[in-house]
Each structure stands twice: as C-alpha cells, then as structure tokens.
2 protein chains.
Amino acid sequence: MTQIPLARRSPIPPESCNLASAIEVVGDRWTLLILRAALYGVRRFDDFQAELKCPRTVLSGRLKGLVDAGLLVKRPYKAPGKRARPEYTLSAMGLSLRPILIGLTQWGDAWLGAGESPPISFTKAGTKVAIRAAFVDADGREVRPDQIRTVIRG
Amino acid sequence: MTQIPLARRSPIPPESCNLASAIEVVGDRWTLLILRAALYGVRRFDDFQAELKCPRTVLSGRLKGLVDAGLLVKRPYKAPGKRARPEYTLSAMGLSLRPILIGLTQWGDAWLGAGESPPISFTKAGTKVAIRAAFVDADGREVRPDQIRTVIRG
DNA sequence: TGTATGGGTTCGCTTTCTAAATCCAGACCT
DNA sequence: AGGTCTGGATTTAGAAAGCGAACCCATACA
C-alpha cells in the first residue's frame with residue numbers, strides 16, 4: 001500500500017477536471033440508484049419508484065436530469081391494449097458507465113459485504129471465470145496499481 | 001450497443017445489494033470530491049476546504065463520515081514549530097477506490113470533455129503507454145464489455 | 001358511465017446545505 | 001504574561017432540497 005505524497009492542492013483544479021464534471025452528473029445517491037436499476041433493465045417510472053422507494057418528485061426530477069445530460073433516452077412505448085407511455089432507456093453514454101458500477105459493486109462486495117459471498121458476480125461469457133475491475137495497457141494486459149503513473153496535461 | 005432486456009425490478013433489491021451499500025457510502029458529490037482530492041495527496045482540513053470551496057460544516061461532517069466508514073484514517077501530524085493537527089489519509093479501503101475514480105475520470109474525458117485532450121492521463125511506469133480501466137479475468141487478460149455476464153447468487 | 005392504471009404534479013413539512021461569524025488551543029513574539 | 005497568528009473546527013440563521021401524501025390527467029376497458 002503505497003502512500004500518496006502530500007499535496008496542498010490537486011494537480012488539476014476541480015473546475016477544469018472531467019472527474020469533477022462527471023461527479024456533477026452522476027455523483028448523487030438517487031441518480032446512481034436509478035442508473036443501477038436501469039442497467040438491470042428497469043425502464044418505467046413506476047418500476048423505478050417501486051424499486052427505489054423515493055419520492056416521485058425526486059424521481060421525475062432525476063430522470064429529467066439524466067435525460068438532459070444524455071445518459072437516458074426518453075421515448076414512448078406501447079403495450080398492447082394500453083395507452084402509450086414514456087420509457088427511459090440507457091444511451092451509449094449511460095451504458096458506458098457499466099464498468100464503473102460493476103467496479104463499485106465489487107468494491108462494495110470486498111469492503112462492505114460482511115464476509116458473505118457476493119450476491120452478484122461477473123464472469124467472462126462462456127466460462128465460469130470471475131472477472132474484476134483493473135487497469136490494462138494498450139494491448140489489454142493488466143497493469144498493477146503500483147505501476148500506475150499520473151501524467152498531467154496529456 | 002446491446003439493449004438491456006426489460007425488467008420490472010432489479011435481480012437483487014437495493015437493500016441487500018453491495019452496490020447500493022457502496023452508493024450509501026460514496027454516492028455523494030462532496031464525498032466523491034474529497035476522495036478525488038485525497039487520491040491526489042491532499043490531507044489537511046484547510047487544503048480540502050480551499051480546493052473544494054465547500055462549507056466547513058459540510059467538510060467536517062463528510063470527513064467524519066469517511067473516517068467512520070473506514071475510507072479515511074485520521075491521525076495527528078506535526079510540522080516543526082507547529083502544534084499537532086489531524087491529517088486525513090486514505091486507508092487501504094479508500095485507496096482501492098482509485099480504479100473506480102480513474103474510470104470515472106476517463107468516462108468524463110470521453111463524454112464531457114468537449115473534444116479536448118484530457119488534462120490528466122495515466123501510464124504504466126517506465127513507459128508512455130496510456131492505460132485505462134477495464135475488466136480482466138483471473139490471468140490478467142482483458143475482458144471486453146460485451147463479454148461480461150452477470151451471475152446471480154454467488 | 002364508471003373504474004383502473006401509469007405517469008406524473010401540487011402541497012406542506014422536515015431535513016440538509018450553505019455562508020458567515022465565532023470559537024479554541026497551541027506556537028511564537030515581545 | 002499578554003497579544004497575535006493559524007489550522008481545525010462548531011454555531012447560527014436563512015435557502016434549498018428532500019420527503020410523503022394527496023391529487024390530477026389521459027386512456028383503456030367493463
């Protein structure tokens with residue numbers, strides 16, 4: 001466990017950092033829980049509400065925000081014999097958050113999981129081999145955490 | 001871009017999901033910004049405050065929460081000629097969030113970056129090869145997103 | 001005509017956030 | 001000893017967001 005050297009400030013101020021921008025977009029409890037549900041296939045207002053048990057005002061606000069940010073797409077769906085209603089599906093932008101949420105799931109399994117075996121795990125298609133979040137180089141080979149170097153002004 | 005099949009509910013309810021637990025711990029704007037700064041080496045109350053420009057009440061509350069949750073360790077440091085003061089450093093638990101925050105940084109670079117080259121990039125030590133967050137199997141070989149399978153109940 | 005259903009909005013109340021001021025302990029100076 | 005500086009907070013009061021419950025609205029169906 002390498003100690004991080006002391007710094008008075010981050011190398012990039014939060015205002016001009018894309019991590020900080022990303023946090024503005026998804027760094028919110030309800031927003032993250034909505035994305036979690038969406039990644040599992042939930043699409044409809046009442047299903048989100050039943051799952052999250054959050055106030056409907058909050059839900060409609062967050063859904064609107066996620067649509068505005070481009071993570072969700074709102075479009076009508078029509079079940080036969082029912083009137084058309086909106087559904088919210090993940091855009092490519094939203095789908096590309098999946099590795100991050102899987103990484104966070106595994107972090108939770110490791111540190112918050114009370115020693116039990118995780119209720120959800122992830123494997124490579126066609127195998128039973130568990131996978132994990134890590135860093136890779138251009139060739140797709142793992143780079144260990146202590147090998148990571150930060151480069152400013154890329 | 002594979003469509004996610006419609007679901008009325010997540011396979012695991014949020015109450016018993018470690019992702020939801022993780023979101024409870026770190027799913028907050030200020031908390032994430034504190035962790036970002038901590039990963040860059042910021043340790044002291046006033047340095048966090050100068051960087052985040054958040055109310056000191058919020059900062060002290062969040063730091064306390066992160067210490068309670070085990071992500072930060074509070075211990076005294078002493079600069080010569082100064083009184084001892086607390087500093088907040090990342091525990092192993094906190095450090096292990098680094099891949100996730102780097103992943104989120106790169107997500108922000110890709111989707112929020114306004115087309116500019118990212119201000120921060122990451123390389124493998126001793127090389128100029130850029131690295132990225134990804135999934136690997138047990139042997140450290142990359143698994144592409146479309147190869148990921150979800151397995152319920154451990 | 002009425003009832004059910006999904007997708008919201010409106011309404012009050014409570015909690016949390018925010019900014020500014022204040023507090024506090026120890027080091028240093030004279 | 002008294003005064004000042006400095007880092008690490010807490011207090012206070014107003015603004016914003018969260019919350020639960022109730023209500024609204026359009027359309028299918030009986």
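Note that these values count all heavy atoms, side chains included, but never hydrogens, waters or copies made by symmetry. Proteins come first, then strands; the chains are lettered A, B, ... in the order of their sequence lines, and each starts at number 1.
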task = Quickly work out the A:Arg29 CZ to C:dC17 P distance and round it to whole Å.
result = 12 Å
request  = Please answer whether the main-chain N or O of A:Thr123 pairs with a side-chain N or O of A:Thr127 as donor and acceptor at a distance below 3.5 Å.
outcome  = no
ask   = Rounded to the Å, how far apart are A:Arg85 CZ and C:dG6 C1'?
value = 3 Å
inquiry  = Looking at C:dA25, I'd like to know if its phosphate oxygens (OP1 or OP2) sit under 4.0 Å from a side-chain N or O belonging to B:Lys82.
reply    = no
ask   = For DNA chain C, which residues in residues 47-57 of chain A have a heavy atom at a distance below 4.0 Å?
value = A:Arg56, A:Thr57
message = Under 4.0 Å from a heavy atom of chain A: give me the 5'-most and 3'-most nucleotides of DNA chain D that qualify.
response = D:dG18 to D:dC29
task = Indicate whether the side chain of B:Tyr77 and that of B:Arg44 have a donor and an acceptor atom separated by less than 3.5 Å.
result = yes
query = Between B:Arg62 and B:Asp28, is there a salt bridge with N-O shorter than 4.0 Å?
reply = yes
Within 6.0 angstrom of B:Arg141 CZ, more than 12 heavy atoms from elsewhere = no
Distance, rounded to the nearest Å, where B:Leu33 contributes CG and C:dT18 contributes P = 11 Å
query = How is the hydrophobic cluster of A:Val129 composed, in terms of its other members, when Ile, Leu, Val, Met, Phe, Trp and Tyr link through side-chain heavy atoms under 4.5 Å apart, directly or indirectly?
reply = none
inquiry  = Let's see if you can work this out: which of C:dG7, C:dT18, C:dT9 has an atom nearest to the side-chain heavy atoms of B:Val58?
reply    = C:dT18
query = Is a donor on one side and an acceptor on the other found under 3.5 Å between the side chain of A:Arg149 and the backbone of A:Asp146?
reply = yes
task = May I ask you to evaluate whether A:Lys74 reaches the phosphate of C:dG8, defined as a side-chain N or O under 4.0 Å from OP1 or OP2?
result = yes
request  = Considering only NZ, NE, NH1 and NH2 on the basic side and carboxylate oxygens on the acidic side, decide whether B:Arg132 and B:Glu142 come within less than 4.0 Å.
outcome  = yes
request  = Applying side-chain contact (heavy atoms from CB on, under 4.5 Å), run through A:Glu15 and B:Lys53 and close with a yes or a no.
outcome  = CA-CA 11 Å; A:Glu15 308 85 76; B:Lys53 294 172 190 65; 4.2 Å; yes
task = Look at B:Arg36 together with B:Glu51 and state whether they make a salt bridge at an N to O cut-off of under 4.0 Å.
result = yes
message = By nearest heavy atom, map A:Ala84 and A:Arg62 onto DNA chain D; which one lands nearer the 5' end?
response = A:Arg62
request  = Please report, rounded to the nearest Å, how far the P atom of C:dC17 is from the CG atom of B:Leu59.
outcome  = 13 Å
message = From CG of A:Asp46 over to C1' of C:dT9, roughly how many Å is that when rounded to an integer?
response = 14 Å
